[in-house]
There are 2 protein chains.
Amino acid sequence: MSIGISQATVQNRTMSLRYALLALLTAQPMTGYDLAKAFHISVGHVWYAPDSQIYPELRRMEAAGLVDGVALPWGDKGTKTEYHVTDAGISEFVDWMNLPLRYTRERDPAHLKAAYFEWADPDAVREQLRAHVAHYEDQRRQWLEQLESIRDHTHPIFAKRLERYPSSEWPRITAFKMFAYEGLAARAEQEIAWAQRGLRLVDELAGESAAD
Amino acid sequence: MSIGISQATVQNRTMSLRYALLALLTAQPMTGYDLAKAFHISVGHVWYAPDSQIYPELRRMEAAGLVDGVALPWGDKGTKTEYHVTDAGISEFVDWMNLPLRYTRERDPAHLKAAYFEWADPDAVREQLRAHVAHYEDQRRQWLEQLESIRDHTHPIFAKRLERYPSSEWPRITAFKMFAYEGLAARAEQEIAWAQRGLRLVDELAGESAAD
DNA sequence: CGGACCATGTAAGCGGTTACATGATTCT
DNA sequence: AGAATCATGTAACCGCTTACATGGTCCG
C-alpha cells in the first residue's frame with residue numbers, strides 16, 4: 001500500500017560515473033568524445049568508462065538537468081554536442097562530494113586466488129605473480145606520470161581547471177590531486193612488494209620439496 | 001546466419017563467485033546455508049556474496065555438473081541440500097587456478113573523490129578521511145584475526161581443509177593462505193596511512209588560510 | 001585517396017545488490 | 001512460548017562489459 005510518493009534520489013548505489021563526468025566538466029565544457037578521451041588521460045586512471053557508457057549517461061544527465069548539451073557545427077554536415085555543467089549539476093556534485101562514501105565489500109580475485117595457490121602449478125603461480133607485478137608497475141608508472149604533469153601544471157585538463165581559480169587557490173587544489181595520485185602510487189607499490197614476496201615464497205617452497 | 005554452435009564456456013568475465021564456492025567446497029561438503037555462513041567467516045573477507053546469489057548459483061553449478069546436491073533430512077519434515085564437488089568441479093577449479101587473471105580497470109570512488117576534495121567542506125573531507133581510516137582499521141583487524149586462526153590452525157574451515165592433506169603439505173598450504181591475508185592487511189595499512197596523511201594535509205591547508 | 005581520428009551510438013547480457021518472503025527447527 | 005538460527009529462495013533493478021555499427025572529417 002505504498003502511496004507512490006518516493007524519495008526519488010536517495011542515493012542509488014554509487015553512480016560514480018555520473019560524478020566522474022561532472023568532475024571533468026567542472027574543468028571545461030567537453031563533447032562526449034572529449035570526455036571519453038579525457039577518461040583515458042585523466043580520471044580514467046581512477047575511474048574508467050567506455051564510450052558506450054559515456055554517451056547514454058550524458059543524455060540521462062541532460063534529461064536530469066545536470067548538464068546542458070550545446071550542438072556545435074563540425075565540418076560541413078556534421079555536428080557535435082558540447083556539454084556544459086549547469087548550476088544544478090554543480091550543486092549535485094558538491095552534495096556528492098560532501099556525502100560520506102559507502103564502502104562495498106572486498107572482492108578481490110587476485111587475493112582470492114592467492115589464498116588457494118596450493119591448487120595451481122608452481123609455474124602458473126609464478127606467472128600470475130609476475131603478471132601482478134607487471135600490471136601494478138604499469139599502473140604505478142602511469143600514476144607517477146600523472147603526478148609529474150599535475151605538479152608542474154602541464155596536464156592539459158588540470159591546467160584548464162586551474163585557470164578558473166585565483167592563483168592563491170592553486171596550491172590547495174594541486175595538493176589534493178597529488179594526494180589522490182600518491183595514494184594510488186603507494187598502493188601499486190604495495191601490490192608489487194606483495195607479489196614479489198609471493199615469488200620468493202614459491203621459490204622457497206620449491207627448494208624445500210626439491211630437498212626431499 | 002550463425003549456425004548456433006558456439007564455444008559455450010569461453011571464459012565469461014570472471015565468475016569468481018563460482019570459483020569462490022568451489023574453493024570452499026574443496027574443504028568439505030556444505031549446504032547453501034553453511035556456504036553463506038562460511039562467506040562471512042572465511043572467503044567472505046576476500047569475496048563477499050549474499051544468500052540470494054549463492055543459492056541460485058549452486059543450482060546452476062549442479063546443472064553444469066560441477067557439484068552434486070545431496071538431499072539430507074532435517075528435523076521431522078525439513079530437508080536440506082548438501083553440495084559436494086565433483087571431479088568435473090575440481091578440474092574446472094584447477095583450470096581456473098592455473099589461468100592468468102584478467103585485470104580490470106581501476107575504479108575507486110575514494111580516490112576519485114580525493115582528487116576533487118577542493119569541492120568539499122574541510123569538515124566533510126575530514127569526516128570522510130576518518131571514515132576511511134575506520135573502515136580499513138576494521139578490515140585490518142578482521143584480516144589479522146583470520147591470520148591468527150590460520151597460523152595456529154584454529155580456523156574451523158581451514159582445519160577441515162588441512163585434514164584432507166598429509167601433514168607434510170600443511171606448511172605449504174598454510175603459507176599461501178597467510179600470504180594472501182598478509183597482502184590484504186598490508187593494503188589496509190597503506191590505506192590507513194594514506195588517509196592519515198590526508199588529515200594532516202587538510203590541517204596544514206586550514207592553517208595556511210587561517211593565517212591569511 | 002586512404003588512413004587516422006572525430007563523433008555517437010545500439011543491443012545483449014551478466015554479475016551483483018536490495019528488498020522482500022516463507023517456513024521449519026532448535027534452544028532456552 | 002518465543003527467540004535465534006537453519007534453510008531457501010524470488011523479483012526488480014542497476015551499473016557495467018562486450019561486441020557491433022555507422023558515418024563524417026582532417027591530413028598527408
Side-chain angles (χ1 to χ4, degrees), chain A residues 1-2 6-21 30-40 44 47-62 69-83 102-109 112, chain B residues 2 6-21 30-41 44 47-62 69-83 102-109 112:
Chain A
M1 268 260 258
S2 92
S6 68
Q7 189 81 19
T9 320
V10 194
Q11 159 95 333
N12 357 9
R13 242 162 299 270
T14 56
M15 290 219 291
S16 299
L17 169 62
R18 170 163 298 194
Y19 298 107
L21 289 169
M30 280 186 256
T31 65
Y33 186 83
D34 290 336
L35 282 162
K37 237 189 351 176
F39 262 81
H40 296 310
W47 197 275
Y48 167 83
D51 312 3
S52 66
Q53 213 186 341
I54 291 173
Y55 289 106
E57 180 64 23
L58 281 170
R59 292 207 285 179
R60 278 192 296 269
M61 288 164 70
E62 187 173 20
V70 178
L72 295 181
W74 175 56
D76 290 344
K77 288 180 272 181
T79 58
K80 57 182 177 179
T81 310
E82 190 178 65
Y83 289 94
R102 293 219 288 134
Y103 287 86
T104 58
R105 256 70 49 139
E106 209 58 37
R107 193 167 287 130
D108 184 329
L112 168 60
Chain B
S2 92
S6 68
Q7 190 81 20
T9 319
V10 193
Q11 159 95 333
N12 356 10
R13 245 161 298 272
T14 56
M15 290 218 291
S16 298
L17 169 62
R18 170 163 297 195
Y19 298 106
L21 289 169
M30 281 187 256
T31 65
Y33 186 84
D34 290 336
L35 282 161
K37 238 190 351 176
F39 262 82
H40 296 310
I41 63 164
W47 197 275
Y48 167 84
D51 313 2
S52 66
Q53 213 186 342
I54 292 173
Y55 289 106
E57 181 63 22
L58 282 170
R59 292 206 285 178
R60 278 192 294 269
M61 289 164 70
E62 188 173 18
V70 177
L72 296 181
W74 174 58
D76 291 344
K77 290 179 273 182
T79 59
K80 58 183 179 179
T81 310
E82 191 177 65
Y83 290 94
R102 294 222 285 135
Y103 286 86
T104 58
R105 256 70 50 140
E106 209 58 37
R107 194 165 287 130
D108 183 329
L112 169 61

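The structure displayed is predicted, hence computed values, not measured ones. Here is how names work: the chains are called A, B, and so on, in the same order as the sequence lines, proteins then strands, and each is numbered from 1.
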OP1 or OP2 of [N] versus the side-chain N and O atoms of [X]: is any pair under 4.0 Å?
{"X": "A/Tyr33", "N": "C/dC6", "value": "yes"}
{"X": "B/Arg105", "N": "D/dC16", "value": "no"}
{"X": "B/Gln53", "N": "C/dT17", "value": "yes"}
{"X": "A/Ser52", "N": "C/dT10", "value": "no"}
{"X": "B/Arg18", "N": "C/dC14", "value": "no"}
{"X": "A/Arg60", "N": "C/dG9", "value": "no"}
{"X": "A/Tyr55", "N": "C/dG9", "value": "no"}
{"X": "A/Thr81", "N": "C/dT8", "value": "yes"}

What is the nucleic acid contact for [X], judged by heavy atoms within less than 4.0 Å: base, sugar-phosphate only, or nothing?
{"X": "A/Arg59", "answer": "sugar-phosphate"}
{"X": "B/Asp51", "answer": "base"}
{"X": "B/Leu17", "answer": "sugar-phosphate"}

Assess whether a salt bridge exists between B/Arg60 and B/Glu57, defined as any Lys/Arg side-chain N lying under 4.0 Å from an Asp/Glu carboxylate O. yes
Residues passing the side-chain hydrogen bond (donor to acceptor under 3.5 Å, both in side chains) test with B/Ser16, sequence neighbours excluded, are none
What residues form a side-chain hydrogen bond (donor to acceptor under 3.5 Å, both in side chains) with B/Glu82, not counting sequence neighbours? B/His84
When you measure only distances, ignoring hydrogens and angles, does the side chain of A/Thr31 come within 3.5 Å of the base of C/dT8 through a donor and an acceptor? no
